[in-house]
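Structure record follows, encoded as structure tokens.
Remember, it's a predicted structure, so these values are computed and weren't measured experimentally.
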Amino acid sequence: MADWTESYDPDWVIDELLEETEHGKPAMEVLRHAIQEADRRQDLPFMFTFRVEFCRESTFYGDGLELMVVFPELLALSDKYPGQPDDSRYVFQYEAEHVMWIYKWVLDSCMDFYQISMEDCKKFFEDYRERCVSMGLSLRNYYCTLYSFYAQINESYSEECFHKFEKASRDAHSDCRACERNVEIQFYLDRGDLKKADRLSKDIENFRLTCGSFDKRSAWLRMKIAYMNYYLDHKEYEKAQEYARLVERYMNGESEYECWEDFLVCYAHTNIGKALKIYKEHWKEWMELRCPMDSCKTERSICIFFKELGKARKGSTVKIHYGPSFPLYREDGQYKITELFEFHYSRAKEIAEKFDQRNGTDYYRKKLEESLHEDV
């Protein structure tokens, strides 16, 4: 680090060093050091830019809780210098506008991390609303995110927020039309209104509405994943498998669409051999997940897999070559299926209870039990 900070070339850090640095911890370490250097020199433009990049890296490649540490610093800078022009690399005119866009990621983190108290979540939402009003921004995104946050906490209030989102006007702060359409499709799928969801999906299916990345398939893939989960929830596993195969064919290495935990559930009911292969290939990355919401869903999916594996196999054991980092590791690689089920169940239950405790509900614990006992 000392070599490049002595000459201090922040443009080189952004345009070259970060381009060559692995996403996640390595990039965040570069940015953490870059923030210190910009602060030391009181280089205001890059005090903003490095923090913006850190928030981006944390949100999409790192640990979302890191976002919650750096974002307040970025917000304080924005309040102190509201007229600061944005970096020309970005599409915003002022840093304050860019910071409000990043604020959306903060609200998403409220959903994903039980470590953020309900009191703090409410403060973030209210502060975001007040800033939207003061800046003349539409509350469309505010209501959309509030709808998602309360979906597992207060269904009637969540639905009320969704309909306010529908009615609120669009502006430059709104997500793209394709992303918003996927929110609408998800709403009606969650309520079992397949006909309404199908009508809304036509513009994405025909690529009249697209999201601007990955050969215009981003919104299309998100929609297919939503339908796959709809059929999984309704235990129509053959139908879900059709969507799983479609997503696998087109995800093209994009991590956002590599929903292996969903594929695991699907194939656990339709092709247990493929499900076992998926588990063996991904167990390590699943054990290292940093986002509790991702872990909650993944551990539940693994429990379903081991339950189905126990039903499908004649014997009571399975051979899996875990690495020494696995808590139950044995050199011979032989494990009782019930032992592995209980291990993942305890992890799933712990995370579910922490979310329910934060939210004041029993939603996640009930969802775990219902997924494992189809007669419930």
Next item on the list: Apply salt bridge (charged side-chain N to carboxylate O under 4.0 Å, His left out) to the pair K336 and E342, showing each step before the final yes or no.
Entry: CA-CA 10 Å; K336 288 184 178 180; E342 290 297 335; over 6 Å; no
Tell me if the centroids of the rings in [X] and [Y] come within less than 6.0 Å of each other.
X    : Y    : value
F60  : W105 : yes
F50  : H33  : no
Y143 : F162 : no
Y103 : F71  : yes
F125 : F149 : yes
Y335 : F306 : no
F165 : Y147 : no

Say whether [X] and [Y] are linked into one hydrophobic cluster, either directly or through other cluster members, by side-chain heavy-atom distances under 4.5 angstrom.
X    : Y    : result
F305 : I351 : no
Y94  : V91  : no
V69  : V106 : no
Y363 : M111 : no
M68  : W101 : yes

Work out which heavy atom in [X] is nearest to a heavy atom in [Y]; give both atom names and the distance.
X    : Y    : answer
H173 : K104 : O-NZ, 2.5 Å
T21  : A27  : CG2-N, 3.6 Å
E285 : E281 : OE1-O, 4.4 Å
V13  : A34  : CG1-CB, 4.4 Å

Can you establish whether the number of heavy atoms outside [X] located under 6.0 Å from its atom [atom1] is more than 12?
X    : atom1 : value
K25  : NZ    : no
E130 : CD    : yes
R177 : CZ    : no
E22  : CD    : no
Q357 : CD    : no
R170 : CZ    : yes

Item checked: Verdict with reasoning, R89 to D11, per salt bridge (charged side-chain N to carboxylate O under 4.0 Å, His left out) -> CA-CA 11 Å; R89 295 173 180 83; D11 287 306; 2.8 Å; yes
When you check the gap from the basic side-chain N to the acidic O, do [X] and [Y] get nearer than 4.0 Å?
X    : Y    : result
R222 : E256 : yes
K367 : D356 : no
R32  : E37  : no
R129 : E126 : yes
E184 : R181 : yes
K224 : E205 : yes
E248 : R245 : no

Check: Can E308 and K311 be said to form a salt bridge (charged side-chain N to carboxylate O under 4.0 Å, His left out), step by step?
Finding: CA-CA 5 Å; E308 295 302 315; K311 288 159 58 176; 3.3 Å; yes
Side-chain ([X]) to main-chain ([Y]) donor-acceptor, under 3.5 angstrom:
X    : Y    : answer
K307 : L372 : yes
D86  : Q93  : no
D362 : R365 : no
S78  : V99  : no

Would you say the side-chain atoms of [X] and [Y] include a donor-acceptor pair closer than 3.5 Å?
X    : Y    : answer
Q241 : T270 : yes
D198 : Y227 : yes
Y243 : N229 : no
S218 : Y257 : yes
D190 : Q186 : yes
N154 : S156 : yes
K196 : Y188 : yes

Check: Would C176 and C179 satisfy side chain to side chain contact (heavy atoms under 4.5 Å, CB included), going step by step from the backbone distance to the final call?
Finding: CA-CA 5 Å; C176 78; C179 289; 3.3 Å; yes
Where does the angle between the aromatic ring planes of [X] and [Y] fall among parallel (under 30°), tilted (30 to 60°) and perpendicular (over 60°)?
X    : Y    : answer
Y322 : F326 : parallel
F355 : Y114 : perpendicular
F48  : Y81  : perpendicular

Notebook entry, point to check: Checking salt bridge (charged side-chain N to carboxylate O under 4.0 Å, His left out) for the pair K297/D262: CA distance, chi angles, key distance, verdict?
Noted result: CA-CA 9 Å; K297 180 179 180 181; D262 295 325; 3.1 Å; yes
Notebook entry, point to check: Can the positive tip of R191 be found less than 6.0 Å from the middle of the six-membered ring of F187, inside 45° of the ring normal?
Noted result: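 Yes, R191 sits over the ring of F187.
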Kindly indicate whether the side chain of [X], heavy atoms from C-beta on, has any atom under 4.5 Å from the side chain of [Y].
X    : Y    : result
R347 : C303 : no
F46  : D43  : yes
H269 : I304 : yes

Next item on the list: With side chain to side chain donor-acceptor pair (under 3.5 Å) as the test, would you mind laying out the steps for N359 and Y364 before giving the verdict?
Entry: CA-CA 10 Å; N359 294 344; Y364 288 102; 5.0 Å; no
